[in-house]
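What follows is one structure encoded as structure tokens, with my remarks underneath.
Residue numbers start from 1 in every chain, and the chains themselves are labelled A, B, ... in the order their sequence lines are given, proteins ahead of strands. Note that the structure is a prediction, hence the values are computed from the model and not measured.
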There are 2 protein chains.
Amino acid sequence: MSMPPDAMICFALYSAAHAMQQAYRPLLDPLGLTYPQYLVLSALWSGQEPPTVGAIGRQLQLESSTLTPLLKRLEAIGLIRRTRDTADERQVRVHLTDDGRAMQARAAHVPDCILERTGMTPQALLALRDQVTALRDRLRATA
Amino acid sequence: MSMPPDAMICFALYSAAHAMQQAYRPLLDPLGLTYPQYLVLSALWSGQEPPTVGAIGRQLQLESSTLTPLLKRLEAIGLIRRTRDTADERQVRVHLTDDGRAMQARAAHVPDCILERTGMTPQALLALRDQVTALRDRLRATA
DNA sequence: CGGATATCAATCGCGCACGATATAATCGCG
DNA sequence: CGCGATTATATCGTGCGCGATTGATATCCG
């Protein structure tokens, strides 16, 4: 009558996302970073600086109530700076510090380690990524 | 040099899992349930009663530090009971109450609503589920 | 120009989620 | 039998993650 969690697509995503975080943990712990913090830094390393809090939120699909405390922690450990936009004082711009840029090199090995842990070819991973992303976008579209 | 979040398989899983939770929210809110609580109830509805806390944890891949407070909340709203196993008093058995069993009927429409929201055929979803589950298991295997 | 409206970040409360640790019960082995 | 090791759950501290709300700034429009 009722489906066991193992049979549900939602649980597959839920448990896979957690397993992925666990895979990152031993790589990020020595850097003093959490997984969401690493995602924010990845956004900063790869994008146009300095984005606003809202822009990061749209990219990572996170609310300001999640980002603001996280960004304060990244600022507290010296990896970013937060400054009010002079033109529009409602917005806060997020800048990498020198330490924040240096962290990119210190974390350069992380993607390779994760790739290896998946035991999959890059092509297979990209294909799966696109399927998962497509499902995510369909779920959000109707929202 | 650095990959944007959108290009990462980890972010695809991360954001898809969150989007899935958001899709469940309007369905579970009226029932007074959170998404992890719904997963625990799904395990109880579909399995052999009464499982121990540890058995639920293995099925959902959650620690006792997560489950214990969650189960206490389910007990507080009257959907389950927690009793010490008489044979092995270290273990706690989780029983559905009548209200907990009745909730299964009240939530019976949920899977169909989610399926519709995905806009995918059941076969395509099952195939994707198996791929995601296989990735999860590879990530956990090396752990 | 000025008040209504909209936008942006921050705050608050709650519920996960986990690592580390604690506590209690059971088991293994001499 | 008894004591050390193992196992099961619970507790504690920290960091997300979000809905609801707030406060401050900017925009729109009469």
Side-chain angles (χ1 to χ4, degrees), chain A residues 11 14-26 28-30 32-41 50-58 60-77 80 82-94 140 143, chain B residues 11 14-26 28-30 32-41 50-58 60-77 80 82-94 140 143:
Chain A
F11 177 67
Y14 172 86
S15 55
H18 287 167
M20 189 62 85
Q21 255 191 79
Q22 295 303 331
Y24 273 91
R25 183 178 299 277
L28 297 181
D29 264 357
L33 294 176
T34 67
Y35 176 67
Q37 288 168 8
Y38 173 77
L39 287 179
V40 168
L41 290 176
T52 65
V53 172
I56 297 173
R58 279 185 295 279
L60 299 185
Q61 305 185 169
L62 295 173
E63 302 297 319
S64 73
S65 46
T66 299
L67 277 177
T68 296
L70 189 157
L71 292 171
K72 283 187 177 179
R73 282 185 284 269
L74 284 179
E75 188 171 38
I77 60 178
I80 65 165
R82 295 153 62 246
T83 59
R84 288 272 162 196
D85 189 302
T86 48
D88 182 347
E89 297 225 332
R90 292 172 304 181
Q91 301 188 127
V92 168
R93 300 250 163 215
V94 179
R140 296 196 79 85
Chain B
F11 178 67
Y14 172 86
S15 55
H18 288 168
M20 189 62 84
Q21 256 192 78
Q22 295 303 326
Y24 272 91
R25 184 178 298 277
L28 297 181
D29 264 357
L33 294 176
T34 67
Y35 176 67
Q37 289 167 8
Y38 173 76
L39 288 179
V40 168
L41 290 176
T52 65
V53 172
I56 298 172
R58 279 185 295 279
L60 299 184
Q61 305 184 171
L62 295 173
E63 303 296 320
S64 73
S65 46
T66 300
L67 277 177
T68 296
L70 188 157
L71 292 171
K72 284 186 176 178
R73 281 185 284 270
L74 284 179
E75 188 172 38
I77 60 179
I80 65 166
R82 295 153 64 244
T83 59
R84 287 274 162 194
D85 188 301
T86 49
D88 183 345
E89 296 224 336
R90 291 172 304 181
Q91 301 189 128
V92 168
R93 300 250 164 217
V94 178
R140 296 196 80 86

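Along DNA chain D, the nucleotide closest to A:A87 and the one closest to A:Q37 are compared, and the more 5′ of them pairs with A:Q37. Nearer to the 5' terminus of DNA chain C, by closest-nucleotide assignment, is the contact made by A:R58 (compared with the other of B:S65 and A:R58).
Dashed line: the shortest gap from a side-chain N or O of A:T34 to OP1 or OP2 of D:dC16 is under 4.0 Å. Checking the phosphate oxygens (OP1, OP2) of D:dG17, a side-chain nitrogen or oxygen of B:Y14 falls inside 4.0 Å. Residue B:R90 places none of its side-chain N or O atoms closer than 4.0 Å to OP1 or OP2 of D:dA10. For D:dG19, one of the phosphate oxygens OP1 or OP2 lies less than 4.0 angstrom from a side-chain nitrogen or oxygen of B:Q22. Checking the phosphate oxygens (OP1, OP2) of D:dG17, no side-chain nitrogen or oxygen of A:T66 falls inside 4.0 Å. Between A:Q61 and D:dG17, a side-chain N or O to OP1/OP2 separation shorter than 4.0 Å is absent.
To the nearest 0.5 Å, atoms CG (A:L62) and CG (A:L67) are separated by 5.0 Å.
When heavy atoms are screened at a 4.0 angstrom cut-off, B:L70 is found touching the sugar-phosphate backbone but no base atom. No contact: B:R93 has no heavy atom under 4.0 Å from any strand. Within the nucleic acid shown, B:R82 comes within 4.0 Å of sugar-phosphate atoms alone, with no base atom in reach, counting heavy atoms only. At a threshold of 4.0 angstrom between heavy atoms, the contacts of B:A17 with the nucleic acid are absent. When heavy atoms are screened at a 4.0 angstrom cut-off, B:S64 is found touching base atoms of the nucleic acid.
The CG-C1' distance, from A:L39 to D:dG15, rounds to 14 Å in whole Å. For B:R25 and D:dG17, the CZ to P distance is 13 Å, given to the nearest whole Å. In this structure, A:L60 atom CG and D:dG17 atom C1' are separated by 13 Å, rounded to whole Å. In this entry the distance linking CZ of A:R73 with C1' of D:dG17 reads 11 Å, nearest Å. Taking atom CD on A:Q91 and atom C1' on D:dG23, their separation rounds to 16 Å, with Å as the unit. The distance from atom CD of B:E63 to atom C1' of D:dT9 is 12 Å, rounded to the nearest whole Å. Regarding B:K72, its NZ atom lies at a distance of 14 Å from the P atom of D:dT9, rounded to whole Å. Distance, B:Q21 CD to D:dC18 C1': 10 Å, rounded to whole Å.
Among all heavy-atom pairs drawn from A:P50 and A:R93, the shortest one is O-NH1, 2.9 Å. Contact between A:S15 and B:Q61 at its shortest, heavy atoms only, is CB-NE2, 3.8 Å. Across all their heavy atoms, B:L60 and B:V40 have their closest contact at CD1-CG2, 3.6 Å. Nearest heavy atom pair, residue A:G32 against residue A:I77, reads O-CD1, 4.3 Å.
Counting only distance, with no hydrogens or angles, the side chain of B:R84 and the backbone of B:E89 share a donor-acceptor pair below 3.5 Å.
The aromatic rings of A:Y35 and B:Y14 lie perpendicular to each other, with more than 60° between the two planes, well past the 30° mark.
Nucleotide D:dT27: paired with C:dA4 (Watson-Crick or G-U wobble, both distances less than 3.5 Å).
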Can B:Q37 and B:R73 be said to form a side chain to side chain contact (heavy atoms under 4.5 Å, CB included), step by step?
CA-CA 9 Å; B:Q37 289 167 8; B:R73 281 185 284 270; 4.2 Å; yes
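The side chain of A:P36 lies closest to D:dG17 when the candidates are D:dC18, D:dG17, D:dC12.
First and last contacting nucleotides of DNA chain C toward chain A (any atom under 4.0 angstrom from a heavy atom, 5' to 3' order): C:dT7 to C:dG19.
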